[in-house]
There are 2 protein chains.
Amino acid sequence: MAITDASLVALRVFREVAERGTFTAAAVALGYTQSAVSRQIATLERAVGADLLERRHEGVRLTTAGQIVLRRAVAVAEQVEAAARELAGLPGAGGRVRLGWFTSAGTGLVPQALAELRRTHPAVTVTSREGSTPALIRALRAGSVDLAVIATEPPHRPPDTDGPPLRTRVLTDRSLMVAVPATHPLAGGSFVDVADLRGQEWIGGHSSGGERLMGVWPGLDERPVVAHVARDWLAKLHLVAAGCGLTTIPPVLAGMVPAGVRVLPVRGGPDEGRRMTLAWLYDPLPAPAARLAEALEAAAATGS
Amino acid sequence: MAITDASLVALRVFREVAERGTFTAAAVALGYTQSAVSRQIATLERAVGADLLERRHEGVRLTTAGQIVLRRAVAVAEQVEAAARELAGLPGAGGRVRLGWFTSAGTGLVPQALAELRRTHPAVTVTSREGSTPALIRALRAGSVDLAVIATEPPHRPPDTDGPPLRTRVLTDRSLMVAVPATHPLAGGSFVDVADLRGQEWIGGHSSGGERLMGVWPGLDERPVVAHVARDWLAKLHLVAAGCGLTTIPPVLAGMVPAGVRVLPVRGGPDEGRRMTLAWLYDPLPAPAARLAEALEAAAATGS
DNA sequence: GATTGCCATGACTTCTACTCATACCAGGTA
DNA sequence: TACCTGGTATGAGTAGAAGTCATGGCAATC
């Protein structure tokens, strides 16, 4: 038994696991049971003769062997897809770029860059999808996006260590802000002191495990009171406007809040810079991806 | 069912069939029965949704869809092999070239070029194998050799039409000769007239179907008398020396016949030029293959 | 200490992918 | 014409791969 006896299915399953980060999520995505995924991976590991994944409580991480196999599995999948396209008489993937972006890039930066790109390079076709920063990094490594706009927070270290280092370029670098109801006592000033944030009611995001809780000012020395939970920015901001509480807001969104909301910087705490970073895996970027990268940088520059 | 549901085994089988030219030969090579190969191909064709092979009485030929799938199957196999090498901690295939050569290139040209190459570029590792010209062309297309020394005869047209045209370069271009026993009446002159070849006894190669019969002068207007059959050049030439008959001999071998054999040109018939041609599939050749190609050309130039 | 979110595994079932034997088909030869 | 040869296809049977379900174990969190 050797890797040559692996199956395309096993490689696809492995890639999905690498992308989703857990067997369970990969199983759901593929329409299998978790147990089927577990067995596929076990079989693949037996074929390869080494562990591909390090099982940890919050999911799995690639081992060195896993990184090798993932890279090849992605290449194999690309060949198979290319064959399918050719057989269907479709054009190659030449002018296509797949972009991933994390939520707060979706309101300004990404649409703006896409509009610009369509004007300047109409031949480039972009497909895109939203995702959390860790999910996007896994997607880059799993080859399911070519380019990703991710978020980093202080201390802005390299976002993972699971393989060849990501190439990155900082798009924007500004500080987190708070959105307060216009009727709120704090709305009067031109900034908020971090001490004033104690005891406030917050409108938070889902605190689903692993991902940090969004919406509540980080580093408060108390357990925050989360009065409302919402995933959507527009909903959150309307809740703020309705006076239901405060929420944090990335600076890129500051310009597009509804009436009844004031956005203010926060002073007196540690730096809460939020970088939007463009990330990709291998240099050089293919031409269409490079065009998109330029458009994103241009949009970041004008938007700031 | 789509090509994405194909299996690595099926792709490997398909590639082997493309290389061997028949299901039966592929089955033998892979240790399967012919029926297993037939079913694998049928399944793959169903998955792809098109015929991959045109069944003909003497074997199979690739259809257009088959050419597409073969190219991708080769790329997939390369990825898998690369993964295996990486996992085993071996170096990549960087400095390796796989050469194919047809029989009469094996006595002079190939060893000479390899010796020269080892001297000038010791970092290049060459593996090589013998094969008939059609087999070598299939091997090129199946990606199992990188470079091939093949033979062509008049009218020297492109050797096949099964896919992207082969790149070629002529190495040598000389005429077929006959080897006669030194004791034979014809051995006295400095050439032989084609008319004198009638009624002679010949030492032939295996006339196994498809491949043309080697050893007997082509185009005789009689059924030749094949007194002995041998595959090996040295055996053939020793049979000639023993006075058992005549045989044809490619010019590259003229200089290395044993005592008791005379090699003579033939006049009076149509041109029986025999070209040795270097062939490969995709430009540009990777560096190590290019070095080998140069060495082969140099050897061809000095040898003539 | 209970709960939650992971992965592994035993028991069972289905379906895939072999083998063997045989049929079939086209060309070449007696 | 009939037969042989060298090829592919296919019916029948079987072993094993690859799913599902149900359950168990483990580590972190509340």
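Here is how names work: the chains are called A, B, and so on, in the same order as the sequence lines, proteins then strands, and each is numbered from 1.
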Q.
Quick check on D:dA18: is either OP1 or OP2 less than 4.0 Å from any side-chain nitrogen or oxygen of A:Gln40?
A. no
Q: Tell me, please, the opening and closing nucleotides of DNA chain C, 5' to 3', among those with an atom under 4.0 angstrom from a non-hydrogen atom of chain B.
A: C:dA17 to C:dG27
(Q) Between B:Arg12 and A:Asp5, is the salt bridge (charged side-chain N to carboxylate O under 4.0 Å, His left out) condition met? List the steps. (A) CA-CA 10 Å; B:Arg12 185 156 54 236; A:Asp5 301 314; 3.8 Å; yes
**Q.** Where A:Ala179 and A:Ile249 come nearest, the two heavy atoms and their spacing
**A.** N-CG2, 3.9 Å
(Q) Please compare B:Arg39 and A:Val37 by the position of their nearest nucleotide in DNA chain D and report the one closer to 5'. (A) B:Arg39
Q: Might you work through the salt bridge (charged side-chain N to carboxylate O under 4.0 Å, His left out) test for B:Arg72 and A:Glu86, ending with a clear yes or no?
A: CA-CA 10 Å; B:Arg72 301 301 177 172; A:Glu86 270 188 273; 2.8 Å; yes
(Q) Output the rounded distance in Å from CZ (B:Arg46) to C1' (D:dT10). (A) 12 Å
Q: Grab the CD1-C1' distance between A:Ile41 and D:dA18 for me, whole Å please.
A: 14 Å
Q | Donor-acceptor pair between A:Thr4 and B:Glu81 side chains, under 3.5 angstrom | A | no
Q) Side chains of A:Trp101 and A:Ser128: do they bring a donor and an acceptor to under 3.5 Å? A) yes
(Q) Donor-acceptor pair, distance only, cut-off 3.5 Å: does the side chain of B:Arg138 make one with the backbone of B:Glu19? (A) yes
Q | Sidechain-backbone polar pair: A:Thr248 side chain, A:Val178 backbone, donor-acceptor under 3.5 Å | A | no
Q | B:Glu45/B:Arg55 salt bridge by N-O under 4.0 Å criterion | A | yes
Just the table, please: protein N/O against nucleotides 4-8 of chain D N/O, every pair under 3.5 Å.
{"unit_1": "D:dT8", "atom_1": "OP1", "unit_2": "B:Phe23", "atom_2": "N", "d": "2.7"}
{"unit_1": "D:dT8", "atom_1": "OP2", "unit_2": "B:Phe23", "atom_2": "N", "d": "3.3"}
{"unit_1": "D:dT8", "atom_1": "OP2", "unit_2": "B:Thr24", "atom_2": "N", "d": "3.1"}
{"unit_1": "D:dT8", "atom_1": "OP2", "unit_2": "B:Thr24", "atom_2": "OG1", "d": "2.8"}

